[in-house]
Amino acid sequence: MNIAKPNSYRSGPDERGHFGIFGGRFVAETLMPLILDLEKAYTDAKADPAFQTEMNGYLKHYVGRPSPLYFAERLTEHLGGAKIYLKREELNHTGSHKVNNVLGQIMLARRMGKKRIIAETGAGQHGVATATLCARFGLECVVYMGAVDVERQQPNVIRMEMLGAKVIPVQSGTRTLKDAMNEALRDWVTNVHNTFYCIGTVAGPHPYPTLVRDFQSIIGNETKVQMQEVEGRLPDSLVACIGGGSNAMGLFHPFLDDPSVEIFGVEAAGHGLTQLHAASIAGGRPGVLHGNRTYLLMDADGQIQDAHSISAGLDYPGIGPEHSWLHETGRVTYLSATDDEALAAFQLLSRLEGIIPALEPAHAIAKVMELAPKRPRDHLMVVNLSGRGDKDVPQVGEILRGKTK
Amino acid sequence: MTTRIDTRFAELKKQGRSAFVTFLMAGDPDPATSLEIVKALPKAGADVIEIGMPFTDPMADGPSIQAAGLRALKAGMTLKKTLELVHGFRKDDNATPIVLMGYYNPIYIYGVDKFLADAKTAGVDGLIIVDLPPEEDDELCLPAMKAGLNFIRLATPTTDDKRLPAVLANTSGFVYYVSITGITGAGAADSTAVSEAVARIKRHTKLPVCVGFGIRTPETARSIASHANGAVVGTALVDALRSSLDAEGRATGKTINAVAELTASLAEGVRGARAAAE
Ligand SMILES: Cc1ncc(COP(=O)(O)O)c(C=O)c1O
């Protein structure tokens, strides 16, 4: 697009946390020393083989990895084009990809001697994963969740409380994910001495976008190996939904330097791009929020605008900075799916494959429904099924009942 | 380059007293009342005026200042109107330093160079931008210095001796010591800890050190001011303003006085302090 193509798409960020003009460390001075500590702890951990060995043990026996790469035969038949594979992240312990990242961060927190963990959550999947690992390792856990999301994702609120976490409904601002993140940052500034902030997506100040990406890259790394085993080659395309972009980055990153692989991220178009939505690349421009420069939804004065999505996990007016860079370099194509398209995909996958997806990856499935029919039968398409739909069953049930009435 | 900030602190030093620094949100509860409030501050005893630039997502602010920003935005406040407010204030007062405080995004969207030029023309003297640590100095700090504006940095209890030189390197005007780890409006400043911290900062810089966060009463203002070159009060003033509003959050006949009266009693507290040792 409008910037030069790099030699590699996988070498970022620079030492100051920049992906092109995106990323950085836009935080209050109080937090700066902690962020530098975290960066150092992460660098040390990466160089320590014991860290990886311990993590691999938990990934295998606690999370249940590797997650299957499953050929969705009936969906493929129905769409009549590309051969569709689902990367089954919804089968992980706790029901989504979020646990991959949380495990990594909790192990870092342990290395750093932090006993209190805070997190923000939208759909509650990141909150549940954090509450789960805090229970497993005996750490105090506080989860900030927008009051609107507490209402629409009740099953996850109950799960977090059962796991011993304290869930704090956030009443400020739009009372969704962005405000939960503000409130978590306020907690962190206040409790810097003993608290580790476990961010749930590839956003926030450097080094978070990088470390979350690295912990999630297991999704793409496994996919590469599994596809080689079943088809003997690379996939031709990848599709994933984007809230902050962690499940997408985890799948995409290992393939960025394989030019034959087409890559599609799917943002939430809510009621439609001309109305309320959560598609920051389609409808936003670069700005600075939550510690990094990235595409954001905002007004002419730089005030952040309300996002809207049927899916609490995608209802965020920003996107991880590396995605903004991948958009500007043209390596990844960003599409969007509306609430209604996601609902239709949610039902289609449930009926055809017996898999009830979360509303978030239903957005990815919605675009697969458009992309797959236009591609030949030997085209291999992988979609990240980032989470299961149990948490959405009450909400979707109510919407569908309302529609048939 | 000498700004109104440098001049004001030099005067106060001669008088042997510390500065009383006020913080209020631009456009709270509406642009016209806000201008009248700011105009009333110097007479009531404010030596330096900080004006908040409203932002939807103020990550370092507590509920009072969050609500003040939302009241201002609801009343149509923008960054352009904040600069107009400063311009309006400058018509009658060319001596009291004005510092704009807030978050980077509205400035980034306004355009850094245009903002600095317009701020200078309007009569702004300094900037405090919460989410721009020294690591991001290229963004606004260095251009602001070039444009003749002070870039005032926050130092916090987590800024240790190793980090202080980096924090102080491109700072001018004064240093703002945040007396607690936390958001605005929370906690109370502990005067012993503050005096140690100020002494520590002064070992690294000749700049005046003002202390803020957690000062609500004339008594605390006095005790903090005796250890520092200035005491900053924000949340208490914003709360006094809010208490004067009607049920719909609109200004009443009491609003301007409510802020002016609290300013006067806090200023008296600061003036009661003996000057900080150099
Ligand atoms: C199942 C699932 N997928 C996707 C997301 C969106 O986050 P990200 O874009 O970081 O993967 C969420 C967030 O809550 C989620 O629960």
Side-chain angles (χ1 to χ4, degrees), chain A residues 15-18 21 23-37 39 170-174 178-179 181-195 204-206 284-294 296-306 317-318, chain B residues 53-63 66-67 69-70 73 76-82 102-111 115 129-136 138-140 153-160 162-164 166-167 176-178 180-187 213:
Chain A
E15 70 286 354
R16 294 162 68 199
H18 294 125
I21 67 160
R25 289 175 287 207
F26 296 88
V27 295
E29 170 60 24
T30 313
L31 296 179
M32 208 48 231
L34 276 96
I35 284 171
L36 296 172
D37 282 353
E39 190 180 348
V170 174
Q171 301 289 353
S172 62
T174 52
K178 131 181 124 68
D179 309 286
M181 193 144 183
N182 287 336
E183 221 45 49
L185 284 163
R186 290 178 185 125
D187 179 310
W188 201 24
V189 166
T190 308
N191 300 297
V192 275
H193 298 294
N194 64 347
T195 297
H206 177 66
R285 61 210 160 103
V288 174
L289 181 72
H290 293 155
N292 67 90
R293 175 165 22 233
T294 194
L296 297 171
L297 300 179
M298 58 189 150
D299 69 12
D301 191 41
Q303 305 297 337
I304 307 306
Q305 279 172 330
D306 297 1
Chain B
M53 297 174 279
F55 183 49
T56 37
D57 295 82
M59 287 157 320
D61 285 301
Q66 287 173 40
L70 293 181
L73 290 173
M77 206 60 189
T78 59
L79 186 52
K80 187 159 175 287
K81 289 183 185 168
T82 300
Y103 298 81
Y104 183 41
N105 196 53
I107 295 173
Y108 179 67
I109 295 307
Y110 192 99
F115 170 77
I129 308 300
V130 178
D131 53 354
L132 286 178
E135 281 73 5
E136 301 291 349
D138 296 341
E139 296 284 336
L140 183 64
R153 196 94 69 187
L154 304 171
T156 72
T158 58
T159 316
D160 59 17
K162 211 169 96 237
R163 191 170 160 75
L164 256 178
V167 168
Y176 187 137
Y177 180 67
V178 176
I180 55 166
T181 57
I183 53 178
T184 52
F213 283 47

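Order of the sequence lines fixes the chain letters, A, B, ..., with proteins taken first and strands second; residue numbering starts at 1 for each chain.
Residues A/Ile35 and B/Glu135 are not in side-chain contact: their nearest non-hydrogen atoms beyond the backbone lie 4.5 Å or more apart. Counting heavy atoms from C-beta on, the side chains of B/Asp138 and A/Arg16 come closer than 4.5 Å. Residues B/Ile109 and A/Met298 meet the side-chain proximity criterion, which asks for heavy atoms closer than 4.5 Å.
The two atoms that bring B/Pro133 and A/Met32 nearest to each other are CG-SD, 3.8 Å, heavy atoms only. Between A/Pro33 and B/Arg163, the shortest heavy-atom distance links the atoms CG-CD, 3.8 Å. Taking every heavy atom of both residues into account, B/Thr159 and A/Glu29 meet most closely at OG1-OE2, 3.0 Å.
Of the atoms belonging to A/Ile304, heavy atoms from both backbone and side chain fall under 4.5 Å from chain B. Only the backbone of A/Ala300 comes within less than 4.5 Å of a heavy atom in chain B; its side chain stays farther off. Contact of B/Asp160 with chain A is not made at all, since no heavy-atom distance falls under 4.5 Å. Neither the backbone nor the side chain of A/Pro205 comes within contact range of chain B; no heavy atom of the residue lies under 4.5 Å from a heavy atom of that chain. With a 4.5 Å cut-off on non-hydrogen atoms, A/Asp187 does not touch chain B at all. Only the side chain of B/Tyr108 comes within contact range of chain A, judged by heavy atoms closer than 4.5 Å. With a threshold of 4.5 angstrom between heavy atoms, B/Pro63 does not approach chain A through any atom at all. Proximity to chain B (any heavy atom under 4.5 Å) is shown, for A/His290, by both the backbone and the side chain. Using a 4.5 Å cut-off between heavy atoms, B/Leu73 contacts chain A through its side chain alone, with no backbone atom that close. Neither the backbone nor the side chain of A/His206 comes within contact range of chain B, judged by heavy atoms closer than 4.5 Å. Proximity to chain A is limited to the backbone of B/Met77, based on heavy atoms less than 4.5 angstrom apart. Heavy atoms of B/Val130 lying under 4.5 Å from chain A belong to its backbone as well as its side chain.
In this structure, the separation between CD on B/Gln66 and CZ on A/Arg186 is 3.5 Å, given to the nearest 0.5 Å. Here B/Thr56 contributes atom OG1 and A/Asp299 contributes atom CG; the two are 7.5 Å apart, rounded to the nearest 0.5 Å. For the atom pair B/Thr156 OG1 and A/Leu31 CG, the distance stands at 8.5 Å (nearest 0.5 Å). Atom CD of A/Gln303 is separated from atom CG of B/Leu70 by 9.0 Å, given to the nearest 0.5 angstrom. In this structure, the separation between CZ on A/Phe26 and CE on B/Met59 is 11.0 Å, given to the nearest 0.5 Å. Note: A/Asn182 CG to B/Asp61 CG = 10.5 Å, rounded to the nearest 0.5 Å.
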Step by step, work out the side-chain contact (heavy atoms from CB on, under 4.5 Å) result for A/Asn191 and B/Thr181.
CA-CA 7 Å; A/Asn191 300 297; B/Thr181 57; over 6 Å; no
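In terms of modelled atom types and a separation under 3.5 Å, the side chain of B/Asn105 and the main chain of A/Val288 share a donor-acceptor contact. Under the 3.5 Å distance criterion, the side-chain polar atoms of A/Asp301 are matched with a main-chain donor or acceptor of B/Leu79.
When each of B/Lys80, B/Lys162, B/Arg153, B/Glu139 is scored by its heavy-atom pairs under 4.5 Å with chain A, the top score falls to B/Glu139. Ranked by non-hydrogen atom pairs under 4.5 Å with chain B, the options A/Arg293, A/Glu183, A/Gln305 are led by A/Arg293. With chain A as partner, the option from B/Tyr110, B/Phe55, B/Tyr104 having the largest number of non-hydrogen pairs under 4.5 angstrom is B/Phe55.
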